[in-house]
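The structure appears below as structure tokens.
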Amino acid sequence: MMPVSMVGRVGELAELDRAWSVVASARRPAPTVAVITGAAGVGKSLLVAAAVDAFTPRPAVILSGAARVHGPAPYDWLAAVLTGRDTSRLALPPDALAWFAQQPTAPRERYAPGTLLRLAVRTVRLLIGAGPAVLVVEDLHALDPASINLVGELATVTDLPALLVVASRPAADAVVPELTHRALARLCGVRRAVRQHLGPLRPAEVAEVLTQVYEGTSPSDRLVTAVWRRTGGNPYTLTELLAAHAGDGPDALLRRLPGPRPPAASVDRASVVDPELTGREVEVLGCLVDGMSNKQVAKALGISVRTVTVHVSNLLRKTGSASRTEVALWAVRHRPPVPAPVDS
């Protein structure tokens with residue numbers, strides 16, 4: 001049985017597998033690029049993880065990195081790749097390696113930007129070796145300019161034995177939209193590039209998910225329609241909704257879901273009262289809007305993961321939301337002011 005998270009993504013998985021086969025069987029090393037775009041929560045990271053996990057033969061090397069949510073710095077992607085790796089045998093200037101790794105004791109940058117870029121490409125080459133390798137770039141839309149330039153260079157290195165998999169939100173949702181637009185255009189313009197855009201699940205695919213979750217039952221059309229409308233077919237929102245009601249059967253879930261919402265023009269704004277949130281809840285809410293996991297929120301605010309879980313539960317209850325994504329959307333609509341940090 002297909003994992004729930006991969007429902008509706010069979011074609012994309014097969015296409016990524018074919019791209020890997022090209023790299024793994026190539027007589028002459030050459031990079032292959034796969035670009036996966038889609039809105040937040042649509043399942044880009046899950047798709048990449050599932051694809052890489054199923055690759056045969058297994059990649060000799062997997063290098064993976066993502067943007068830092070707060071305080072981005074030059075070459076964040078490479079810093080993530082270097083974390084925990086023994087680089088003592090790499091034929092590279094130690095000070096440059098320390099700088100790429102963002103070590104606290106690293107000397108200040110003393111190389112010209114072009115030289116740094118060449119050294120960054122060389123670092124990746126040495127880490128890959130003979131390959132074949134998979135390079136995973138998460139959240140291109142949030143990466144720093146130096147990392148984006150590096151990704152673009154890696155895509156055009158003629159003899160790199162690697163599949164470069166890049167996941168990104170659309171350029172319009174990026175930190176710097178124009179920069180991300182140019183980067184995506186450059187990547188998609190590479191010869192034989194694989195281009196995938198993940199959209200929301202269709203009602204039939206939501207029905208397939210519900211069939212898997214509620215084994216031995218066939219979900220009613222009313223339930224499928226209600227769930228699809230509530231989640232918009234967003235896989236992350238759907239997963240959160242089902243997790244929040246894990247103890248309910250399909251009939252109980254249907255009873256808990258609201259009917260169709262009235263048009264915006266018919267809503268009495270005077271009747272919409274914002275819930276009273278504590279200062280800490282507002283801070284956690286801001287982190288959810290940024291797409292952070294509970295672990296990331298805990299690190300950012302200096303509190304425990306368990307405390308974050310309690311705050312998230314309170315936010316769901318107070319805002320009447322069924323998932324983290326829904327409460328984040330609530331925050332965007334209401335935009336409560338973020339107070340100064342307070343003790344938990």
Tyr75 and Trp99 aromatic ring geometry - parallel, tilted or perpendicular at 30°/60° bounds: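 Correct class here is perpendicular.
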Linking I/L/V/M/F/W/Y whenever their side-chain heavy atoms sit closer than 4.5 Å, directly or via other members, would [X] and [Y] fall into one cluster?
X      : Y      : answer
Val42  : Val194 : no
Val310 : Val312 : no
Tyr236 : Val213 : no

How far apart are the closest heavy atoms of [X] and [Y], and which atoms are they?
X      : Y      : answer
Cys188 : Ala193 : O-CB, 3.8 Å
Ala174 : Thr180 : CB-OG1, 3.1 Å
Ala172 : Pro177 : O-CG, 4.4 Å
Ala66  : Leu143 : C-CD2, 4.1 Å
Ala162 : Leu135 : CB-CG, 4.1 Å
Leu223 : Pro250 : CD2-CB, 3.6 Å

Is there a donor-acceptor pair under 3.5 Å between the side chain of [X] and the backbone N or O of [Y]?
X      : Y      : result
Thr87  : Leu90  : no
Lys318 : Ser313 : no
Thr83  : Ala79  : yes
Asn234 : Ala40  : yes
Thr217 : Pro219 : no
Arg202 : Gly8   : no
Thr307 : Ile303 : no
Trp77  : Glu138 : no
Thr225 : Arg222 : no
Asp144 : Ser147 : yes

Just wondering, do [Y] and [X] contact through their side chains at under 4.5 Å, heavy atoms?
X      : Y      : value
Phe100 : Leu119 : yes
Leu301 : Cys287 : yes
Lys44  : Gln196 : no
Arg186 : Val151 : no
Arg89  : Leu126 : no
Ile36  : Leu16  : yes
Asp173 : His141 : no
Val124 : Val157 : no

Nearest 0.5 angstrom please: [X] [atom1] to [Y] [atom2], how far?
X      : Y      : atom1 : atom2 : answer
Leu13  : Phe55  : CG    : CZ    : 9.0 Å
Thr231 : Leu241 : OG1   : CG    : 7.0 Å
Leu63  : Thr123 : CG    : OG1   : 11.0 Å
Glu205 : Leu210 : CD    : CG    : 12.0 Å
Arg122 : Thr115 : CZ    : OG1   : 12.0 Å
Ile148 : Leu184 : CD1   : CG    : 8.5 Å

Side chain to side chain contact (heavy atoms under 4.5 Å, CB included) between Arg191 and Val33, worked out: CA-CA 8 Å; Arg191 186 167 175 261; Val33 178; over 6 Å; no
CZ/Arg85: more than 12 non-hydrogen atoms of other groups inside 6.0 Å: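 Check passes, neighbour count above 12.
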Flag if over 12 foreign heavy atoms under 6.0 Å of NE2, His245: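 Result for NE2/His245: enclosed.
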Pair Ser21, Arg18: side-chain N/O donor-acceptor within cut-off below 3.5 Å: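 There is no such pair between these side chains.
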Worked check of side chain to side chain contact (heavy atoms under 4.5 Å, CB included) between Leu253 and Leu242: CA-CA 9 Å; Leu253 175 61; Leu242 295 175; 4.0 Å; yes
Test: Arg125 and Asp159 ion pair at under 4.0 Å: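 Salt bridge between Arg125 and Asp159, a charged N being under 4.0 Å from a carboxylate O: yes.
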Criterion side chain to side chain contact (heavy atoms under 4.5 Å, CB included) on Leu164 and Val136, from CA distance to verdict: CA-CA 6 Å; Leu164 175 61; Val136 178; over 6 Å; no
Pair Glu12-Leu198, side chain to side chain contact (heavy atoms under 4.5 Å, CB included): steps then yes or no: CA-CA 9 Å; Glu12 288 83 357; Leu198 304 185; 3.8 Å; yes
